Trainee: 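Dropping a structure here in structure tokens format, bear with me for questions.
Just the heavy atoms: all of them, side chains too, but no hydrogens, waters or symmetry mates, feed the values below. Residue numbers start from 1 in every chain, and the chains themselves are labelled A, B, ... in the order their sequence lines are given, proteins ahead of strands. Just so we're clear, the structure is a prediction, and the values are computed from it rather than from any experiment.
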Number of protein chains: 2
Amino acid sequence: MTLDSETKAVELPEHHGDELRLWLRLLTCTTLIEGEVRSRLRERFDVTLPRFDLMAQLDKVPEGMTLSDVSKRMMVSNGNVTGLVERLVESGHLDRRTSEVDRRVQVIRLTKAGRAEFRKMAAEHELWIADIFGDLTPKDVRELMRLLAKTKTSAQKSARARGD
Amino acid sequence: MTLDSETKAVELPEHHGDELRLWLRLLTCTTLIEGEVRSRLRERFDVTLPRFDLMAQLDKVPEGMTLSDVSKRMMVSNGNVTGLVERLVESGHLDRRTSEVDRRVQVIRLTKAGRAEFRKMAAEHELWIADIFGDLTPKDVRELMRLLAKTKTSAQKSARARGD
DNA sequence: CCAGATTTCTTTAAGTTTCAAGCAATGGCG
DNA sequence: CGCCATTGCTTGAAACTTAAAGAAATCTGG
């Protein structure tokens with residue numbers, strides 16, 4: 001019966017409300033900011049957030065990336081990227097070609113026009129973000145960075161433990 | 001020219017990269033956790049995250065809420081809620097009736113079955129969240145709560161300044 | 001009372017998103 | 001070489017999401 005009581009001790013209803021509240025607050029913050037950025041992007045540049053995000057990924061890598069790379073970086077499904085890229089190629093923002101060393105692979109890059117347009121948007125976007133986080137002191141920012149890094153690591157560990 | 005130089009001083013290209021990096025990290029964290037929760041909900045209960053979230057809102061208010069209330073709380077559009085509710089009524093989780101004092105208003109509540117199913121899911125959900133945030137100390141949690149509250153206030157202020 | 005404004009919800013179109021299934025190309029191994 | 005597992009991407013179905021326009025009920029100021 002010792003084992004039994006020990007087992008019970010571990011399974012006793014613990015106090016997890018704080019973590020739950022933290023998660024809800026994290027989600028609220030992100031949703032709030034995301035909505036704000038989304039509506040500014042639409043209003044100001046008539047562009048959607050996913051399009052902007054995709055272009056942001058590509059802007060960092062002039063030589064281009066494969067669809068899989070994009071999909072991993074954006075943490076969205078492959079099929080999602082296929083559709084997004086389709087529309088961005090259609091609108092002339094992206095350039096897409098099949099890799100010559102591996103014909104399964106599609107390499108996409110920003111076109112000249114796409115890059116120019118993105119840079120313009122990105123410059124304003126950065127100001128919006130600075131404004132949105134405007135009440136935080138540099139110390140707050142550092143501290144949040146640190147705690148979110150820790151959170152990310154913790155979440156990744158938990159995901160990995162379950163089997164990715 | 002004093003005014004000019006003062007103006008310039010304000011408009012000098014400032015250092016906003018930190019805020020941008022913070023926003024990206026915040027977004028990464030949330031996306032990561034959201035994806036994890038989403039896939040556990042599907043795997044374990046074959047339910048989508050939006051359905052779960054909607055039921056979570058309703059669980060807190062046994063007498064029910066209007067669609068507008070839900071839409072505000074979840075920070076999603078009205079049309080979105082209309083569709084979600086439709087499917088959840090269809091599946092027997094929700095009960096919907098027209099208010100008698102205002103015939104524009106639809107009041108929705110969890111059905112008995114819906115509530116029972118939600119409670120079961122919520123119990124496990126809370127454990128997942130605790131696990132996902134498992135590396136954070138109680139102090140980390142408190143500090144994150146505080147900083148995210150500040151962030152939320154700042155973001156709301158910025159949104160309001162633009163005109164909601 | 002009643003005309004216009006507002007609120008609540010639905011509808012529509014376009015786009016985003018996931019998951020699962022499928023296809024094509026590659027790479028490894030016997 | 002030839003099988004077959006893997007990888008990269010696309011497709012298809014269902015769901016989710018938004019913005020915008022519309023319909024119905026209510027409220028408000030004259």
Trainee: Both A:Glu100 and A:Gly83 contact DNA chain C. Taking the nearest nucleotide for each, which residue is further toward the 5' end?
Mentor: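 Mapping each residue to its closest nucleotide by heavy atoms, the 5'-most match is A:Gly83.
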
Trainee: Of all heavy-atom pairs between B:Ile129 and A:Glu19, which one has the smallest distance, and what is that distance?
Mentor: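 Minimum heavy-atom separation between B:Ile129 and A:Glu19: CG2-O, 3.6 Å.
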
Trainee: Hey, which sits more toward the 5' end of DNA chain D by its nearest nucleotide, B:Val76 or A:Asn80?
Mentor: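 Checking each residue's closest nucleotide, the 5'-ward one belongs to A:Asn80.
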
Trainee: Considering residues at least two apart in sequence or located in another chain, which fulfil the salt bridge (Lys or Arg N to Asp or Glu O under 4.0 Å) criterion with A:Glu34?
Mentor: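 In terms of salt bridge (Lys or Arg N to Asp or Glu O under 4.0 Å), with neighbours along the sequence ignored, A:Glu34 is linked to A:Arg38.
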
Trainee: Reading 5' to 3' and counting Watson-Crick or G-U wobble pairs with both distances under 3.5 Å, write the dot-bracket notation for DNA chain C, | for bases paired outside the strand.
Mentor: ||||||||||||||||||||||||||||||

Trainee: For C:dT26, does either OP1 or OP2 sit under 4.0 Å from a side-chain N or O belonging to A:Arg103?
Mentor: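 Looking at the OP1 and OP2 atoms of C:dT26, one of them is under 4.0 Å from a side-chain N or O of A:Arg103.
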
Trainee: Without decimals, in angstroms, what is the distance between B:Met65 CE and C:dC9 C1'?
Mentor: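 The distance from CE of B:Met65 to C1' of C:dC9 comes to 15 Å, rounded to the nearest Å.
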
Trainee: Could you list the protein-to-nucleotides 20-23 of chain C atom pairs, N/O on both sides, closer than 3.5 Å?
Mentor:
none

Trainee: Return the minimal non-hydrogen interatomic distance between B:Leu148 and A:Leu22, and the atom names on each side.
Mentor: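 Shortest heavy-atom separation between B:Leu148 and A:Leu22 comes out as CD1-CD1, 3.8 Å.
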
Trainee: Table please: side-chain donor-acceptor pairs of residues 73-86 of chain B below 3.5 Å, with sequence neighbours left out.
Mentor:
| unit_1 | atom_1 | unit_2 | atom_2 | d |
| --- | --- | --- | --- | --- |
| B:Ser77 | OG | B:Asn80 | N | 3.3 |
| B:Asn78 | OD1 | B:Ser71 | OG | 3.2 |
| B:Thr82 | OG1 | B:Asn78 | O | 3.3 |

Trainee: B:Arg40 CZ to C:dC19 P: how many Å, rounded?
Mentor: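 To the nearest whole Å, that distance equals 14 Å.
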
Trainee: Can you pull the contact range of chain B along DNA chain D, 5' to 3', using atoms under 4.0 angstrom from its heavy atoms?
Mentor: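 Range of nucleotides within reach of chain B: D:dA15 to D:dT26.
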
Trainee: Answer yes if the side chains of B:Gln106 and B:Thr98 hold a donor-acceptor pair under 3.5 Å, and no otherwise.
Mentor: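 The criterion, which ignores hydrogens and geometry beyond distance, is satisfied for B:Thr98 and B:Gln106.
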
Trainee: In whole Å, I'd like the distance from the CG atom of A:Leu54 to the P atom of C:dT17.
Mentor: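 Value for this atom pair: 10 Å.
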
Trainee: Shared ILVMFWY cluster between B:Leu49 and B:Val47, side chains joined below 4.5 angstrom?
Mentor: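 B:Leu49 clusters together with B:Val47.
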
Trainee: Is it the case that one hydrophobic cluster holds both A:Phe133 and A:Met145, taking links as side-chain heavy atoms less than 4.5 Å apart, direct or via other members?
Mentor: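 Both belong to a single hydrophobic cluster.
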
Trainee: So if I take residues 26-34 of chain A and measure heavy-atom distances to DNA chain D, which residues fall below 4.0 Å?
Mentor: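 The answer is none.
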
Trainee: Taking the side chain as everything from C-beta on, heavy atoms only, tell me whether A:Thr151 gets closer than 4.5 Å to B:Ile33.
Mentor: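 With C-beta onward as the side chain, the pair touches.
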
Trainee: Could you list the residues that satisfy salt bridge (Lys or Arg N to Asp or Glu O under 4.0 Å) with B:Arg146, not counting sequence neighbours?
Mentor: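 With sequence neighbours excluded, B:Arg146 shows a salt bridge (Lys or Arg N to Asp or Glu O under 4.0 Å) to B:Glu143, given in chain and number order.
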
Trainee: Between A:Ser154 and A:Lys150 (side chain of the first, backbone of the second, donor and acceptor by atom type, cut-off under 3.5 Å), is there such a pair?
Mentor: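 Pair absent, no side-chain N/O of A:Ser154 close to backbone of A:Lys150.
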
Trainee: Not counting sequence neighbours, which residues clear salt bridge (Lys or Arg N to Asp or Glu O under 4.0 Å) with B:Asp53? List them please.
Mentor: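 Not a single residue meets the salt bridge (Lys or Arg N to Asp or Glu O under 4.0 Å) criterion with B:Asp53.
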
Trainee: When you measure from every atom of DNA chain C, which of residues 44-52 of chain A have a heavy atom less than 4.0 Å away?
Mentor: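 Here the set is A:Thr48, A:Pro50, A:Arg51.
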
Trainee: My understanding is that only residues two or more places apart in sequence, or in another chain, count here; which of them pass salt bridge (Lys or Arg N to Asp or Glu O under 4.0 Å) with B:Asp59?
Mentor: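 For B:Asp59, the residues satisfying salt bridge (Lys or Arg N to Asp or Glu O under 4.0 Å) (neighbours in sequence not counted) are B:Arg115, B:Arg119.
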
Trainee: Can you list every pair that meets salt bridge (Lys or Arg N to Asp or Glu O under 4.0 Å) and has a residue in residues 91-108 of chain A, with sequence neighbours left out?
Mentor: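 Output for this query lists A:Asp95-A:Arg109, A:Asp102-A:Arg104.
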
Trainee: Which heavy atom of B:Gly114 sits nearest to which heavy atom of B:Thr111, and what is that distance?
Mentor: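 That would be N-OG1, 2.9 Å.
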
Trainee: Among B:Arg162, B:Arg160, B:Lys157, find the residue that satisfies the salt bridge (Lys or Arg N to Asp or Glu O under 4.0 Å) test when tested with A:Glu36.
Mentor: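 The residue from B:Arg162, B:Arg160, B:Lys157 that satisfies salt bridge (Lys or Arg N to Asp or Glu O under 4.0 Å) with A:Glu36 turns out to be B:Arg162.
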
Trainee: To check you understand the geometry: which heavy-atom pair defines the closest contact between A:Val37 and A:Trp128, and what is its length?
Mentor: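 In terms of heavy atoms, the two residues are closest at O-CZ3, 4.4 Å.
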
Trainee: My understanding is that only one of A:Glu124, A:Arg40, A:His125, A:Arg51 makes a side-chain contact (heavy atoms from CB on, under 4.5 Å) with A:Phe45; could you say which?
Mentor: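 Testing A:Phe45 for a side-chain contact (heavy atoms from CB on, under 4.5 Å) against A:Glu124, A:Arg40, A:His125, A:Arg51 leaves exactly one candidate, A:Glu124.
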
Trainee: Just the atom pairs and distances: protein N or O near nucleotides 1-8 of chain C's N or O, under 3.5 Å.
Mentor:
| unit_1 | atom_1 | unit_2 | atom_2 | d |
| --- | --- | --- | --- | --- |
| C:dT7 | O2 | B:Arg104 | NH1 | 2.6 |

Trainee: Whether the side chain of A:Ser91 engages the backbone of A:Leu88 through a donor-acceptor N/O pair (distance < 3.5 Å, no angle test) should be reported.
Mentor: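 Judged by distance alone, yes, a pair lies under 3.5 Å.
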
